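For reference, the structure is listed below as structure tokens.
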Amino acid sequence: MVTPRAAGFSMPAEWAPHAGCWMIWPERPDNWRLGAKPAQAAFAAVAAAIARTEPVTMLVSAVQFANARAHLPEAVRVVEMSTNDAWARDVGPSFLRGPHGALGGVEWPFNAWGGLQGGLYFPWDKDDQVAGKILELERARRFRAPYVLEGGAIHVDGEGTALAVEQCVLNANRNPHASRADMEQMLMDYLGVERVIWLACGVPEDETDGHVDNLACFVRPGIVLLSWCENPADAHYEVSRAAEARLLAARDARGRKLKVARIPMPTPLFMRDDEAAGIDPTPTGMRRAAGGRLAASYVNFYIANGAIIAPSFDVPTDETARAVLESLFSDREVIMLPGREILLGGGDIHCITQQQPAL
């Protein structure tokens with residue numbers, strides 16, 4: 001089997017120009033409260049903001065097609081596709097650029113973040129087909145990876161370096177028989193990178209087992225933005241310091257020492273009684289309970305053409321986070337949108353979007 005790297009493909013950085021963005025319309029009532037109406041409004045707001053700067057495609061079930069079309073701007077393309085939930089980052093392809101302007105993408109085998117050993121729902125077969133269907137629509141070259149992974153588990157700088165979290169990528173509920181060397185080789189072969197920088201743990205209470213896109217991301221080559229906690233009583237206090245220590249000790253694929261920028265962790269957020277009451281539990285679906293800590297992070301933003309689409313949570317840390325993002329992305333407009341309804345489902349703006357690079 002020819003790997004992307006052998007075929008001359010690699011994953012560009014998220015800030016490289018985009019041909020567009022892919023999203024999936026939320027609807028499952030065991031994850032999204034009140035029949036997903038609040039979440040649909042939040043997804044529509046994100047889609048509208050991104051569509052100001054690049055084309056957006058929303059994947060929608062047949063049942064929800066008319067509803068989605070009615071609530072989305074005309075500029076957003078609506079395409080019918082079957083899915084199990086709405087996490088385009090994790091189930092969509094990680095797009096690649098190849099020789100002579102070729103478009104490719106990685107299909108990561110998907111098992112709902114842990115399969116039968118801690119996964120969040122069953123079945124997940126429709127989600128596992130999404131990446132291949134998108135690549136088919138785009139007539140892109142398809143590369144099916146050999147191990148389970150999600151798109152939110154990796155982040156690249158476009159110059160040969162990837163970030164990943166051991167807690168997630170090396171978790172036995174993904175690939176019980178794969179070694180660290182196996183996973184690192186796969187990341188190099190399928191992302192076209194030369195170096196993987198491993199962080200130990202992700203944001204506490206992150207039900208993905210610690211996706212890197214909730215913890216840290218490259219904002220340009222050589223600079224990583226890290227979710228930072230100043231409260232010693234918070235579990236993220238040690239996580240953020242351990243991550244910073246590893247980042248500062250590392251060198252990227254070009255031999256550069258990394259610089260770390262800090263962005264505050266949001267004021268702690270918890271699921272309210274009324275939010276939990278609006279969820280319809282199912283035997284093989286999500287488990288949601290009032291009082292549960294929400295894994296909120298300002299790092300979970302989308303870099304669009306000319307804009308940063310970031311979550312806000314109506315808490316004191318919002319304005320500090322905005323100032324950090326504006327200082328790091330002075331060439332882009334920072335648009336902060338309410339992220340709580342998305343967060344209640346287990347992720348945020350980066351998790352529900354997937355960029356397609358321009359060629």
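Note that this is a predicted model, so its numbers are computed, not measured.
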(request) Determine the interplanar angle of the Tyr121 and Trp113 rings, folded into 0 to 90°, and report it as parallel if under 30°, tilted if 30 to 60°, perpendicular if over 60°. (result) perpendicular
(message) Any donor-acceptor pair under 3.5 Å linking the side-chain atoms of Gln356 with those of Trp22?
(response) yes
(message) Between Asn171 (side chain only) and Cys168 (backbone N and O only), is there a donor and an acceptor less than 3.5 Å apart?
(response) no
(message) Testing the 3.5 Å rule here: is there a donor-acceptor pair between the side chains of His71 and Gln40?
(response) no
(message) Within the structure provided, determine whether Ser94 and Tyr190 are in side-chain contact (heavy-atom separation under 4.5 Å).
(response) no
(request) Taking His18 for its side chain and Glu14 for its backbone only, find out whether a donor-acceptor pair lies under 3.5 Å. (result) yes
(request) State plainly whether the residues Arg293 and Asp234 are in salt-bridge range, i.e. N to O under 4.0 Å. (result) yes
(message) So, taking the atom named SG in Cys351 and the one named CH2 in Trp87, what distance separates them when rounded to the nearest 0.5 Å?
(response) 6.0 Å
(request) Treat each ILVMFWY residue as a node, draw an edge where side-chain heavy atoms are under 4.5 Å apart, and state whether Val239 and Leu225 are in one component. (result) yes
(request) Examine distances only and state if a side-chain atom of Arg28 and a backbone atom of Asn84 form a donor-acceptor pair shorter than 3.5 Å. (result) yes
(request) Please confirm whether the backbone N or O of Val224 pairs with a side-chain atom of Arg220, one donor and one acceptor, at under 3.5 Å? (result) no
(message) Is the positively charged end of Arg241 above the ring of Tyr237, judged by distance under 6.0 angstrom from the centroid and angle within 45° of the axis?
(response) yes
(message) Any donor-acceptor pair under 3.5 Å linking the side-chain atoms of Arg288 with those of Asn31?
(response) yes
(message) Measuring only between side-chain heavy atoms, which start at C-beta, is Asn67 closer than 4.5 Å to Val60?
(response) no
(message) Regarding Glu207 and Arg287, does a basic nitrogen lie under 4.0 Å from an acidic carboxylate oxygen?
(response) no
(message) Grouping I, L, V, M, F, W and Y whenever their side-chain heavy atoms are under 4.5 Å apart, do Val203 and Ile263 come out in a common cluster?
(response) yes
(request) Would you mind checking if Arg174 and Asp209 are paired as a salt bridge, meaning a charged N to carboxylate O distance below 4.0 Å? (result) yes
(message) Assess whether a salt bridge exists between Asp348 and Arg89, defined as any Lys/Arg side-chain N lying under 4.0 Å from an Asp/Glu carboxylate O.
(response) no
(request) For Ser82 and Val130, work out which heavy atoms get closest and say how close. (result) O-CG2, 4.1 Å
(message) If hydrophobic clusters are built from ILVMFWY residues whose side chains come within less than 4.5 Å, do Leu215 and Leu248 share one?
(response) yes
(request) Check for a donor-acceptor pair, side chain of Thr53 on one end and backbone N or O of Asn305 on the other, with a separation under 3.5 Å. (result) yes
(message) Looking at Gly160, is its backbone amide N or carbonyl O close enough to the side chain of Asp157 to form a donor-acceptor pair, meaning the two atoms are under 3.5 Å apart?
(response) yes
(request) Could you tell me whether a side-chain N or O of Asp189 sits under 3.5 Å from a main-chain N or O of Arg5, the two making a donor and an acceptor? (result) no
(request) Could you walk me through whether His211 and Asp90 pass the side chain to side chain contact (heavy atoms under 4.5 Å, CB included) test, one step at a time? (result) CA-CA 10 Å; His211 273 183; Asp90 289 348; 3.1 Å; yes
(request) Determine the minimum heavy-atom distance between Gly202 and Val165, stating which atoms define it. (result) N-CG1, 3.6 Å
(message) Taking the side chain as everything from C-beta on, heavy atoms only, tell me whether Pro38 gets closer than 4.5 Å to Arg340.
(response) no
(message) To the closest 0.5 Å, what do you measure between CD (Gln64) and OG1 (Thr83)?
(response) 10.5 Å
(request) Measure centre to centre between the rings of Phe43 and Trp32, then say whether the value is under 6.0 Å. (result) yes
(message) For the CD atom on Glu326, are there more than 12 heavy atoms of other groups (residues, nucleotides or ligands in this structure) within a distance under 6.0 Å?
(response) yes
(request) Give a yes or no answer on whether the side chain of Asp213 reaches the backbone of His350 with a donor-acceptor pair at less than 3.5 Å. (result) no
(message) Evaluate Glu54 against Gln355 for side chain to side chain donor-acceptor pair (under 3.5 Å), listing each step before the verdict.
(response) CA-CA 10 Å; Glu54 63 188 66; Gln355 74 275 1; over 6 Å; no
(message) Checking side-chain polar atoms at under 3.5 Å, does Trp198 have a donor or acceptor matched by the opposite partner on Glu184?
(response) yes
(request) Please tell me if the side chains of Phe329 and Ile303 come closer than 4.5 Å, counting only heavy atoms from C-beta onward. (result) yes
(message) For Thr161 and Asp252, which I'm curious about, is there any donor-acceptor pair between the side chains at under 3.5 Å?
(response) no
(message) Quick one about Glu27 and Ser61 (side-chain donor to acceptor, distance below 3.5 Å, no hydrogens or angles considered), yes or no?
(response) yes
(request) Determine the minimum heavy-atom distance between Pro266 and Thr317, stating which atoms define it. (result) CA-OG1, 3.3 Å
(request) Is it possible for you to say whether Tyr298 and Ile309 belong to one hydrophobic cluster, with membership spreading through side-chain heavy-atom contacts below 4.5 Å? (result) no
(request) Over all heavy atoms of both residues, which pair between His236 and Ser227 is shortest? Give the atoms and the distance, please. (result) NE2-O, 2.8 Å
(message) Quick check against the 3.5 Å criterion: does Arg97 have a side-chain atom that pairs as donor or acceptor with the backbone of Pro12?
(response) no
(message) What I'd like to find out is whether the side chain of Leu163 reaches to under 4.5 Å of the side chain of Phe218, using heavy atoms alone.
(response) yes
(message) Quick one: does any side-chain atom of Ser10 pair with a main-chain N or O of Gly192 as donor and acceptor, under 3.5 Å?
(response) no
(request) May I ask whether Leu328 and Val212 are part of the same hydrophobic cluster, defined by side-chain heavy atoms of I, L, V, M, F, W, Y residues being less than 4.5 angstrom apart, directly or through others? (result) yes
(message) On a heavy-atom basis, which atom in Phe110 and which in Asp128 lie closest, and how many Å separate them?
(response) N-OD1, 2.9 Å
(message) Restricting to non-hydrogen atoms, name the atom on Pro311 and the atom on Ile349 that form the minimum distance, rounded to 0.1 Å.
(response) N-CD1, 3.5 Å
(request) State the CD-CD distance between Glu341 and Glu275, to the nearest 0.5 angstrom. (result) 6.5 Å
